[in-house]
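We use all heavy atoms of the structure for the numbers below, so side chains are in, but hydrogens, waters and symmetry mates are not. The chains referred to below are lettered A, B, ... by the order of the sequence lines, with proteins before strands, and numbering in each begins at 1.
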Amino acid sequence: DGGITQSPKYLFRKEGQNVTLSCEQNLNHDAMYWYRQDPGQGLRLIYYSQIVNDFQKGDIAEGYSVSREKKESFPLTVTSAQKNPTAFYLCASRLQVAANTGELFFGEGSRLTVL
Amino acid sequence: DAKTTQPPSMDCAEGRAANLPCNHSTISGNEYVYWYRQIHSQGPQYIIHGLKNNETNEMASLIITEDRKSSTLILPHATLRDTAVYYCIVRAARGATNKLIFGTGTLLAVQP
């Protein structure tokens, strides 16, 4: 079945360590997104990518990095520079070229806890 | 993309219609209204979207006012499984940035 797979679902990290969250989609979608969600809050955009080998910063990109070497993959690295990394991370994708049917498809999320 | 305003929470009795409002008074002519919902600790799920006309699908109906400054998502027969946070967002179909901005949404609690 087509969809978006995020891994790991739960992750614990010590302060000062980098960690990479995986996001893979087999929907042949062009655009991919990373959001962060804190308890009781909405989603905040970290990075997004509209095509392979290109990506743009969202509203809270500091302390994060991404790559888009393949259409189906958009990994997010949470670096030690991110001051408050404990959060729920959501990856999403959408079919770029669609005019009005480009809804977002989300993964199930990765919950990162910094100890 | 225009900003949206939603009430933070609403209650609804099981089996009754749930009507979730959204204000988007600064919406532009080329911006669509999208609704998503998020069940606790899961990824958001697309529900419905529209531009001017009312829309209906198997999940819900979307009513957009004539001036397009507000809309209402209707779940015709709410069930306990509809308890979730509902997000209303507006975005252009071919936005230059493709940024999709989510607010804090409405927590709908369906009561037995």
Side-chain angles (χ1 to χ4, degrees), chain A residues 3-7 9-10 21 23 25 27 29-51 54-61 74 87-113, chain B residues 1 3-9 22 27-53 55 57-60 62 64 68 73 84-107 109:
Chain A
I4 299 179
T5 302
Q6 289 186 240
S7 63
K9 192 172 178 66
Y10 299 95
L21 307 180
C23 179
Q25 54 98 0
L27 299 166
H29 283 176
D30 306 289
M32 296 187 74
Y33 302 77
W34 274 105
Y35 290 90
R36 169 186 171 135
Q37 187 173 37
D38 294 286
Q41 304 295 315
L43 283 66
R44 292 187 291 167
L45 183 64
I46 305 173
Y47 268 99
Y48 63 103
S49 167
Q50 299 180 67
I51 57 173
D54 186 51
F55 47 83
Q56 287 78 39
K57 292 182 179 180
D59 298 318
I60 55 166
F74 191 42
F88 187 49
Y89 291 88
L90 286 158
C91 179
S93 71
R94 62 182 285 269
L95 189 61
Q96 179 87 336
V97 297
N100 65 350
T101 59
E103 67 264 27
L104 284 173
F105 288 78
F106 283 86
E108 288 302 305
S110 292
R111 189 168 298 278
L112 172 63
T113 302
Chain B
D1 293 330
K3 182 178 177 180
T4 62
T5 305
Q6 299 177 254
S9 63
C22 180
I27 192 170
S28 300
N30 66 342
E31 288 182 318
Y32 286 75
V33 180
Y34 280 77
W35 283 84
Y36 290 80
R37 75 179 183 184
Q38 185 179 24
I39 296 171
H40 183 63
S41 294
Q42 296 183 18
Q45 174 191 23
Y46 165 80
I47 301 173
I48 198 167
H49 72 282
L51 182 63
K52 296 180 183 178
N53 301 321
E55 302 288 343
N57 63 19
E58 64 278 5
M59 290 182 68
L62 174 60
I64 303 174
R68 302 209 324 122
L73 179 75
V85 177
Y86 288 77
Y87 296 100
C88 164
I89 64 174
V90 296
R91 57 169 288 264
R94 299 180 193 276
T97 64
N98 274 298
K99 288 173 67 173
L100 299 172
I101 309 299
F102 286 75
T104 53
T106 296
L107 173 59

If you tally heavy-atom pairs under 4.5 Å between each of G50(B), G43(B), P8(B) and chain A, the highest tally belongs to G43(B)
Give me the atom names and distance for the closest heavy-atom approach of P44(B) to L43(A). CG-CD2, 4.0 Å
Which bit of Q6(A) comes within less than 4.5 Å of chain B, counting heavy atoms only: side chain, backbone, both or neither? neither
Checking heavy atoms, do the side chain of R44(A), its backbone, both or neither come under 4.5 Å from chain B? neither
In Å and rounded to the nearest 0.5 Å, what is the CD to CD1 distance from E103(A) to I48(B)? 11.0 Å
Over all atoms of both residues, closest heavy-atom pair of Q38(B) and L90(A): NE2-CD1, 3.7 Å
Y36(B) (side chain) donor-acceptor with L104(A) (main chain) under 3.5 angstrom: yes
What heavy-atom pair brings Q41(A) and Y87(B) nearest, and what distance separates the two atoms? O-OH, 3.9 Å
